[in-house]
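For reference, the structure I am asking about is given below.
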Amino acid sequence: MANNRETPIEISATEFKKLGHRLIETIADFIDTIKDRPVTPGETPKQLQGLLGNASLPENGTPPEELLAKASGLLLNHSLLNGHPKFLGYITSSAAPIGALADLLAAAVNPNVGAQILSPIATEIEKQTVRWLAEFIGVSSDYGGILVSGGNMANFTAFVAARTAKAPKNIKEDGISNSEAKLVIYCSKTTHSWIEKAVVLFGLGTKSIRWIKTGADNKMDNELLEQTIKDDLKAGYKPIMIIGTAGDVSTGAVDDLKRIAAICKTYDLWFHVDGAYGIPAAIVPEMKPLFEGIEEADSIALDPHKWLYSPLEAGCTLVKDPQHLIDTFSSHPVYYNFDNSDESPWHNYYEYGLQNSRGFRALKVWLALQQVGRSGYSKMISEDIELSKLLFELADKHPGLEAITQNLSITTLRYVPADYNASTENKEAYLNKLNEALVNEFQKGGEVFLSNAVVNEKYCLRGCIVNFRTSRKDIEEIVEIIAKEGRKLHQKLQMK
Ligand SMILES: *Cc1c(COP(=O)(O)O)cnc(C)c1O
C-alpha cells in the first residue's frame with residue numbers, strides 16, 4: 001500500500017461538488033414540478049423489476065456520476081409521490097425540503113447518537129429537539145425521551161417502560177414466563193396494529209389485550225373500560241396500562257384522555273397516549289381542549305414524520321419521568337467508556353431506547369421546528385384541518401357523495417349513485433363493493449391518492465391531509481374527480 005491510500009470509495013472535493021450540485025439541481029426541479037407529475041406511476045412489481053433487470057452483484061465499480069443520474073431517474077419517475085398536493089393517503093406527509101438538506105448534512109458528519117462522546121453536539125441537539133416537541137404538544141418540558149424511527153417504535157419504547165414500571169419488580173430478572181402475574185393492558189378497538197406486535201415482542205401475548213369497544217363517535221367507551229378493569233381485578237389479573245389514542249388512524253377520533261388519566265390514577269396504571277398522528281394538532285389553540293389530559297400521560301408517542309412533515313423516518317417517545325427509560329434500557333458493558341465526564345454527565349441515548357448505534361434523525365426535525373416556528377406549524381396544521389372540513393362539506397353537498405366523518409384532518413366519505421335503487425341490504429353491500437373498487441382505481445390511477453376506512457361497516461374513501469402543498473383548489477378538484485370516477489365505475493358495474 002502506498003503512503004497515501006487510494007480507495008475506490010473516496011470522492012474528491014472537486015468531484016463531490018460537481019456531483020452534489022447536479023443532484024441538488026435535479027431535486028430542486030423535482031420539487032418544483034411535483035404537482036404536474038402523476039401521484040403514482042401505477043406500475044406493477046413486474047414492470048418495476050424489468051427496470052432493474054436481474055444482473056448479479058457487480059464485480060467492479062461504476063462512476064458515481066452515472067449512478068446518481070440513474071438512481072435519480074428511477075426514483076423521480078417510478079415513485080409514489082407523497083409530496084404531491086393530491087396525495088391524501090394513509091398518514092404520510094409531504095416532506096419538508098429542509099429535511100432533505102438536513103439528512104445530507106447529518107449523513108456527511110455521521111455522528112453516532114448512541115453515546116454522547118461519539119456525537120457531542122448532535123446529542124445536545126436531540127435533547128433540545130425532544131424538549132421542543134414536549135413544548136409543541138403542550139406538556140411539561142420536564143418530559144424526556146428519544147427520537148426513534150416512527151410511531152411503532154415510539155409506542156414499543158413506551159410499552160416496555162410501562163412493563164418495567166408496573167409489572168412485578170422481578171420481571172426484568174425472571175422474565176414474564178416465570179411471573180405469576182397475568183398482565184393485561186387496555187386499549188380501544190381502533191388502536192393501531194403496533195399493539196399486536198408489542199404484545200408478541202415483549203412477551204405478554206395477544207390474550208393480554210383488552211380491546212374496548214368504541215362509541216358512535218369512535219372514542220373508547222370509558223365506562224366499559226372501567227368495568228373491564230374491575231372484572232379483571234376480581235378475576236385475578238394484573239392490569240398494567242391503558243392506551244389512549246389521540247387521533248385514530250381510520251377517522252382521527254381522539255379518546256377522552258382526561259377521563260382515562262383519572263381511571264389510570266384510580267387503579268395505579270401506566271397512562272400511555274398514542275398520538276403518533278394526531279397530537280401535533282394540540283399546537284392549534286382551538287384544538288387544544290380536545291387533548292386535555294395529555295399532560296398527565298406517563299408516556300406519549302408522536303411521529304414528526306407525519307404532521308411535522310419530517311421526511312421518513314422520525315418518531316418520538318416522550319416519558320414524564322425519563323428514569324423509567326433508563327430503568328428499562330440501560331446497561332453498562334465493559335467495552336463502553338462513555339461516562340468519564342468530570343462535570344456534567346454525558347447523555348447516552350443508547351440507555352434510553354432499543355437502538356444502540358443511532359443516526360442523527362433529530363437534525364431534520366430540529367431545523368424544521370426553527371424554519372417555521374410555533375406560529376408556522378400552527379398555521380399549517382390548522383389549514384390542513386380546514387381543508388379536511390372543506391372536503392367534508394363539499395362531499396356533504398354533492399348529490400353523488402355521502403360525507404361520513406370528519407376529525408382532525410381526516411375525512412371519510414363515499415360515492416353513492418343518486419339514481420341507484422335497491423333494497424337497503426343489497427344497497428349497502430353494493431356501495432361497499434363500489435367504493436372499494438373506487439379506492440383501488442385511485443391507488444393506481446395517478447390523479448389523486450386516497451386510502452380507505454371502514455366506518456360502522458361502511459366502506460369509505462378516506463382523505464388524511466398532512467400535506468402543506470394541498471390547496472382549496474385541490475380539494476375542489478378531488479371532489480369532482482371522485483364523483484366522475486364514481487359515476488364511471490358505477491356504470492361499468494351495472495353493465496356486468
Ligand atoms: C401511524 C401511526 C402508528 C404507526 O406509526 P409508524 O410511524 O407507521 O410506525 C401508530 N399509531 C398511530 C395512531 C398512528 O397514526
Side-chain angles (χ1 to χ4, degrees), residues 80 82 87-95 99 133 137 145-160 162 185-202 209 211-212 214 218-220 241-257 260 271-282 287 290-291 294 297 299-318 353-355 359 361-362 364-365 381 384-385 388 405 407-412 451-453 455 462-467:
L80 171 135
N82 49 36
F87 177 84
L88 311 185
Y90 303 103
I91 314 179
T92 306
S93 62
S94 266
L133 289 175
I137 64 169
I146 184 166
L147 292 195
V148 295
S149 57
N152 265 40
M153 287 302 292
N155 285 304
F156 293 163
T157 307
F159 186 94
V160 194
I185 57 165
Y186 302 84
C187 62
S188 96
K189 74 170 176 46
T190 65
T191 304
H192 186 277
S193 63
W194 71 266
I195 189 64
E196 294 170 77
K197 288 189 183 176
V199 292
V200 171
L201 285 169
F202 306 118
I209 307 176
W211 297 101
I212 307 297
T214 47
N218 294 308
K219 299 181 185 202
M220 180 148 65
M241 77 188 299
I242 304 177
I243 297 150
T245 297
D248 94 78
V249 278
S250 287
T251 68
V254 179
D255 285 338
D256 178 351
L257 302 173
I260 298 174
F271 177 27
H272 175 66
V273 175
D274 179 8
Y277 151 59
I279 223 163
M287 303 303 290
L290 199 56
F291 299 94
I294 51 169
S299 56
I300 301 168
L302 71 148
D303 249 356
H305 71 209
K306 287 178 174 169
W307 224 347
L308 267 63
Y309 318 107
S310 289
L312 296 159
E313 305 161 342
C316 177
T317 306
L318 293 172
L354 281 84
Q355 272 185 285
R361 51 171 75 90
K364 60 195 170 193
V365 182
I381 291 173
D384 283 348
I385 294 170
S388 170
T405 64
N407 293 291
L408 300 180
S409 66
I410 297 179
T411 299
T412 60
S451 52
N452 67 295
V455 184
R462 170 184 167 288
C464 173
I465 305 173
V466 283
N467 193 339

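Note that ligands are numbered from 1 as they come in the structure, with each ligand's atoms numbered from 1 the same way.
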Quiz item: Any sub-3.5 Å donor-acceptor pair from S188's side-chain atoms to T190's backbone N or O?
Solution: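 A pair under 3.5 Å: yes.
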
Quiz item: If you count only heavy atoms, which residues are under 4.0 Å from ligand 1?
Solution: I91, G150, G151, N152, N155, H192, W194, G247, V249, D274, A276, Y277, D303, H305, K306

Practice problem: Please answer whether the main-chain N or O of G244 pairs with a side-chain N or O of D255 as donor and acceptor at a distance below 3.5 Å. | Solution: no

Quiz item: Any donor-acceptor pair under 3.5 Å linking the side chain of K364 with the backbone of A314?
Solution: no

Exercise. Please check if the side chain of S299 supplies one atom and the backbone of A158 the other of a donor-acceptor pair under 3.5 Å.
Key: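 Judged by distance alone, no pair lies under 3.5 Å.
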
Practice problem: Output the distance between atom OG1 (T245) and atom NE2 (H272), rounded to the nearest 0.5 Å. | Solution: 8.5 Å

Quiz prompt | Residues that D303 engages under salt bridge (Lys or Arg N to Asp or Glu O under 4.0 Å), provided they are two or more places apart | solution = K306

